[in-house]
Amino acid sequence: MYLPAQHKLPREFYARDTVAVARDLLGKYLVRVVDGIERIGRIVEAEAYLGPHDLAAHSSKGRTRRTEVMFGPPGHAYVYLIYGMHHCTNVVTGREGSGSAVLLRALEPVQNVAGRTSGCGLLSKAMGIDRSLTGHDLLSDDFFLAYPPADEAFEVIVSRRVGVDYAREWADKPLRFYVAGSPFVSRP
DNA sequence: TGCACGATGAAC
DNA sequence: TTCATCGTGCAC
């Protein structure tokens, strides 16, 4: 029997090159326990945000109260409020101090997930994730990522990131990854 | 202390 | 294409 808590992604998974982590997060499970119910979604879309030099990354503003967690140890959550109403979920990556993270943009519902999960705001809402979870350890028991029961093969599409036109040349970098053909990708 | 602006989603 | 809605970062 498959229990996601017995297959958590280890700290070392996050403490790697951010682009590799973003790519490798596809197909992995995002698990969130709310009121004792384990909600599970399969990651089908993610974007890499490389650090202070990446003009699209929040860490490009430097260390501030909001971005401090991005500069912290890998394997923790960075959750922020966007447009005053939606929450977006990231996982901190790379070496501590690198200011890098991966934004989760879409999930395929697997278990106990109600509502749509295509888009970072929607998936955060469906999984019960908000700003109070920023800084949360992703090796905890109520909010973590895990290897799926079986590693199925899928094709990965790479593209520019969504909604970062303000980031000049960084807007065109191939830092968005998604599962080819998945109907749950936010913007095919 | 004030203000412009989002790593969005929904309505029109 | 327009708008809701508020925390954040930076100008004054």
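Sequence lines set the chain letters: A, B, ... in the order given, protein chains first and strands last, and positions in each chain run from 1.
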- Task: Heavy atoms of chain A, cut-off under 4.0 Å: which first and last nucleotide of DNA chain B, 5' to 3', fall inside that, if you could look?
- Result: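 First and last nucleotides in contact are B/dG6 to B/dA10.
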- Would the A/His76 and A/Tyr14 ring centres measure less than 6.0 Å apart?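 Centroid separation for A/His76 and A/Tyr14: 6.0 Å or greater.
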- Item | For A/Asp141, all residues meeting salt bridge (Lys or Arg N to Asp or Glu O under 4.0 Å), sequence neighbours excluded |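 A/Asp141 satisfies salt bridge (Lys or Arg N to Asp or Glu O under 4.0 Å) with A/Lys8 once adjacent residues are dropped.
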- Walk me through it: do A/Asp137 and A/Arg11 pass the test salt bridge (Lys or Arg N to Asp or Glu O under 4.0 Å)? CA-CA 10 Å; A/Asp137 189 352; A/Arg11 188 81 57 199; 3.0 Å; yes
Nucleotide N/O to protein N/O under 3.5 Å, stretch nucleotides 2-7 of chain C:
| unit_1 | atom_1 | unit_2 | atom_2 | d |
| --- | --- | --- | --- | --- |
| C/dT5 | O2 | A/Tyr83 | O | 2.4 |

- Set of residues satisfying ring pair (Phe, Tyr, Trp, His ring centres under 6.0 Å) with respect to A/Phe143, sequence neighbours excluded: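 Only A/His136 meet the ring pair (Phe, Tyr, Trp, His ring centres under 6.0 Å) criterion with A/Phe143.
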- Parsed dot-bracket for DNA chain B after applying the Watson-Crick and G-U rules with both distances under 3.5 Å and | for other-strand partners is ||||||.||||.
- Please, which pairs that meet disulfide bond (SG atoms under 2.5 Å apart) have at least one residue in residues 110-185 of chain A, sequence neighbours excluded?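 Only A/Cys88-A/Cys120 qualify under disulfide bond (SG atoms under 2.5 Å apart).
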- Item | Non-hydrogen side-chain atoms of A/Leu104 and A/Leu30 separated by less than 4.5 Å |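 When only atoms from C-beta onward are counted, A/Leu30 and A/Leu104 do touch, with a gap below 4.5 Å.
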- Which residue pairs pass the ring pair (Phe, Tyr, Trp, His ring centres under 6.0 Å) test when at least one of the two sits in residues 80-125 of chain A, sequence neighbours left out?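 Listed once each, the pairs are A/His58-A/Tyr80, A/Tyr78-A/Tyr80.
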- Which ones in residues 58-65 of chain A lie close to DNA chain C, meaning a heavy atom under 4.0 Å from one of its atoms?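 A/Lys61, A/Thr64 - these, ordered by number, are the residues of the stretch whose heavy atoms sit under 4.0 Å from the strand.
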- Using a heavy-atom distance cut-off of less than 4.0 Å, which residues of residues 177-184 of chain A contact DNA chain C?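 Correct list: empty, so none.
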- Message: Let's see if you get this right: which residues in residues 94-110 of chain A place a heavy atom under 4.0 Å from DNA chain B?
- Response: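 Contacts with DNA chain B under 4.0 Å: A/Leu103, A/Arg105.
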- Query: What nucleic acid atoms does A/Arg187 come within less than 4.0 Å of, heavy atoms only: base, sugar-phosphate, or nothing?
  - Reply: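 If one applies the 4.0 Å heavy-atom cut-off, A/Arg187 turns out to touch nothing in the nucleic acid.
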- Trace of the salt bridge (Lys or Arg N to Asp or Glu O under 4.0 Å) decision for A/Asp24 with A/Arg16: CA-CA 11 Å; A/Asp24 293 346; A/Arg16 298 181 296 141; 3.0 Å; yes
- Out of A/Arg160, A/Arg105, A/Arg161, which residue meets the salt bridge (charged side-chain N to carboxylate O under 4.0 Å, His left out) rule with A/Glu47?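 The residue from A/Arg160, A/Arg105, A/Arg161 that satisfies salt bridge (charged side-chain N to carboxylate O under 4.0 Å, His left out) with A/Glu47 turns out to be A/Arg105.
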Could you pull out all donor-acceptor pairs under 3.5 Å where a side-chain atom in residues 173-181 of chain A meets a protein atom, sequence neighbours excluded?
| unit_1 | atom_1 | unit_2 | atom_2 | d |
| --- | --- | --- | --- | --- |
| A/Arg176 | NE | A/Glu45 | OE2 | 2.9 |
| A/Arg176 | NH1 | A/Ser159 | OG | 3.2 |
| A/Arg176 | NH1 | A/Arg187 | O | 3.4 |
| A/Arg176 | NH2 | A/Glu45 | OE2 | 2.9 |
| A/Arg176 | NH2 | A/Arg187 | O | 2.8 |

- Who passes side chain to side chain contact (heavy atoms under 4.5 Å, CB included) against A/Glu38, sequence neighbours left out?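 With neighbours one apart ignored, the set is A/Pro4, A/Val31, A/Val33, A/Ile40, A/Gln111, A/Phe144.
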